[in-house]
Amino acid sequence: MGLKDLFEKDVQELERDGILFSTLGKLVAWGRSNSLWPATFGLACCAIEMMQSTNARNDMARLGSEVFRASPRQADVMIVAGRCSKKMAPVMRRVYEQMPDPKWVISMGACASSGGMFNNYAIVQNVDSVVPVDVFVPGCPPRPESLIYAVLQLQKKVRGEVFDQDGVELPMVEGWTR
Amino acid sequence: MTVKPAGYQAVTLSEERTGDFETKLMRINVGPQHPSTHGVLRLVVDLDGERIARISPVIGYLHTGFEKTMEHRTYQQVVTYSNRMDYVHSFGHDLAYVLSAEQLMAARVPERAQRIRVILTELNRIASHLVFFGTGILDMGALTLFFYTMREREQLLDIFESVTGVRMNFGYFRVGGLYQDVPESFEHDVRAFIRSFPKMLDQYSALFAKNDIFVNRTTGVGVIPAERALEDGLTGPSLRASGVPLDFRKAQPYSGYEDYDFDVPVSTAGDAHARFEVRFQEMRESLKIVEQALDRLEPGPVRDPDRRISLPPRSELETSMEAVIFHFKLVTEGFHPPRGSAYVATESARGELGYYLVSDGGSMPYRVKVRVPSLVNLQSLESACVGGLFADMVVNIATMDPVMGDVDK
Amino acid sequence: MTTEGAAAPLGPLSERVVEALGALGGRLEREPFEVRVVLPARVIVDAVRTARAAGFDLLSDVFAIDWLRYPGHQGPRFSVDYNLYSIEHGERLFLRVDVDEDEPVPSITGAWKAATFLEREVYDMFGLRFSGHPDLRKIHTPEDLEGHPLRKDFPLGETPTLFNDGRFLDPAAFRAGMIGASGGLTGWVGGARKGVVAEQVDPAPAAPRPGATRGDEGER
């Protein structure tokens, strides 16, 4: 098949020949979703489970997310792992702002998502009030499997394959518009 | 000639630096979001060239308000909080708390419960040291050992999960005993671990003990002499690496530690290598304790039968009105220790750990003061780092093994 | 503080130190589980030096207690406790200094560097000042937090949980049964703080609810 065929044949014929069509946006999202590099933002107990999720048994590398970057400049997704104190919140916001767009946030564990059992003067009751969260992971701490499931969900979200409760497809998360 | 910042003192610059040119100290901020600070530790470091002239930790980025929250929970509920303070050695914190509370309540813990507590605490000490090794050597740039230690830690977490239902943050100990008995597979699992683990230890040893890079990176680094360590209040393996054989399992035995035959590894070098070495030996000693405790584990109750402390068994609730009353009282308000205070020092994986409890006769502690090892140990960072290279600071932090939840409370 | 039953044993080293501290104005208090010497605030540095020279070579802890809500407590509001341990003798000794809110405590950092962080912690959590401390700053709480969290009149700072369908869970109501102040979710008022009741001054309650006992003001 020559290049000329691309312009002469119609789409069905080409697809039968094994040529797939997509939009550039979808292709970029597919690439992004499979190389989500997390920033190491370990705060407390969940950070240990975050470490465990990269080990031989759980192997988050399968999802393209094994490279935990120490510098926020090289990361796509921030995993807020653990309770976030009110003293830490400005730091967290700053780290988030240092990350290049597009960027996503996973709130890992009960404390980060809702304050958990620490309903007191010291802890931010939901990190969504500090940084915009895409996926909440329940658990105290969540098992590595939960974190991996969250990463899978985030990948779907990045690719625009998420539906709301009425079955309506939600728009692709465009990190750069935030 | 140097320009000294306000409050700067007690640092002598090396001879060759005080020539005819002017030098300035450079202030560098490390953390709180930094891969080698083991959490959210922040350090403000003044550098004279590559040498550290002054170092001051800034902490509190994980301040959780544990002590305040514990004052608003019943004695039994506090167990849920204590283990989240040091999430790497959770059972150690649980044990320290229940011992103090039991002292207040004059509870008699059955022997089987004591033995299970010792087994779990020691296994957790191994798990904690495994994290220490993995991350500590990771900080020096060696990634391999991290995967090895995490592999063995998974094996331990499986045991903990089969006993408590969760992998971390157990909340399994109760004032007066345990939540429930261990499952049938427990003994088999632990014995399998005891058999396989020494081989793994040899593997680790082969990986780093004679590794030139590791030895050169740690030997003579961050030396803390014994007097200096006591001045700083250092405890735990780091103190024993400086030559002071203080181990509360030996010095003031609790939970039946006096029954077991084990050594306290001590080194006199006081450097980072000694701190690695002492912890490495400790894992073997912990394994010895686990084996002895497992051999003496006999069937029996795991909770104090005293109805003031423990819930009545489920079966009695259907037949006995009295049991229902006790159950209701314990669940809704908890028990009331007499007024007074209690403190039991225990040996956590990081040092002296104890809960100072003050009771006013109510069902919640009036004051809980946790003597956390990591906070006090962090003061030795200055002794270890000042005068040393900036690159060695990472090694020193790693060998101090602070857990930030333990530091900030 | 009652001293019921057997008191904690007094080791030979503690005996010597207690005697030496007696010369400084120290008063021995033997609790069931601890040996404590209560000292006037101005001599605490000398007392710590004395104990250290005698053989207490580990400063375990420095902490404070706020006695504001402690039933039947008389005297100054705060106490600062020093927890000393002797490695050689295996003995533990507590020193206590009773202080009021605006009364500065002499800092023992000159005598023992280990107290640096611990005194900062007490300052942060209780607002007690240590005179002569080289670096008395907040340690745990953020700079913009006003007040000192571990004081008894500092609120826990709980926020009530709101659910989507309009249900509402108030933490205070949830635990009221344990505090003994108001009816909880069950409406049942716990007979909490048993040891407290006898010593509380009774403000002539108007028709107490059945089963209710008088708690301490219920603001905890």
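Worth knowing before you read on, the calculation uses all heavy atoms, side chains too, and leaves out hydrogens, waters and symmetry mates. Letters A, B, ... are given to chains in the order of the sequence lines, protein chains preceding strands, and every chain is numbered from 1. Computed from a predicted structure; not experimentally measured.
Considering only heavy atoms from C-beta on, Arg167(B) comes within 4.5 Å of Pro144(A) through its side chain. With a 4.5 Å cut-off on side-chain heavy atoms, Asn55(A) and Glu154(B) count as touching. Looking at His63(B) and Lys87(A), their side chains never come closer than 4.5 Å, going by heavy atoms from C-beta outward. Taking 4.5 Å as the limit, every side-chain heavy atom of Met88(A) sits out of range of all side-chain heavy atoms of Asp408(B).
Within 6.0 Å of atom CZ in Phe390(B), more than 12 heavy atoms from other residues, nucleotides or ligands are found, so the atom counts as buried in its surroundings.
Heavy-atom distances place no part of Ala47(A) under 4.5 Å from chain B, backbone and side chain included. Tyr148(B) does not touch chain A: none of its heavy atoms, backbone or side chain, sits under 4.5 Å away. Using a 4.5 Å cut-off between heavy atoms, Val403(B) makes no contact with chain A at all. Contact of Ser90(B) with chain A is not made at all, since no heavy-atom distance falls under 4.5 Å. Only the backbone of Ile59(B) comes within contact range of chain A, judged by heavy atoms closer than 4.5 Å. For chain B, no part of Cys111(A) is nearby; none of its heavy atoms comes within less than 4.5 Å.
For chain B, the option among Arg94(A), Arg57(A), Met92(A), Lys86(A) with the highest count of heavy-atom pairs below 4.5 Å is Arg57(A). For the options Val88(B), Asn169(B), Asp86(B), heavy-atom pairs under 4.5 Å to chain A are most numerous at Asn169(B). For the options Gly42(A), Cys140(A), Ser71(A), Ala89(A), heavy-atom pairs under 4.5 Å to chain B are most numerous at Cys140(A). Chain B forms more heavy-atom pairs under 4.5 Å with one residue of Ala122(A), Cys45(A), Ala70(A) than with any other, namely Cys45(A). Ranked by heavy-atom pairs under 4.5 Å with chain A, the first of Arg84(B), Arg151(B), Arg153(B) is Arg84(B).
Here the closest non-hydrogen pair linking Leu43(A) and Leu62(B) is O-CD2, 3.3 Å. In terms of heavy atoms, Thr54(A) sits closest to Phe147(B) at O-CE2, 3.4 Å.
At least one donor-acceptor pair under 3.5 Å links the side chain of Ser85(A) to the backbone N or O of Tyr61(B).
The aromatic rings of Phe66(B) and Phe118(A) lie perpendicular to each other, with more than 60° between the two planes, well past the 30° mark.
Between the CG atom in Leu138(B) and the CE atom in Met51(A) there is a gap of 8.0 Å [rounded to 0.5 Å]. For the atom pair CG of Asn120(A) and OG1 of Thr64(B), the computed distance is 7.5 Å after rounding to the nearest 0.5 Å. In this structure, CD in Glu49(A) is found 12.5 Å from OH in Tyr87(B), a value given to the nearest 0.5 Å.
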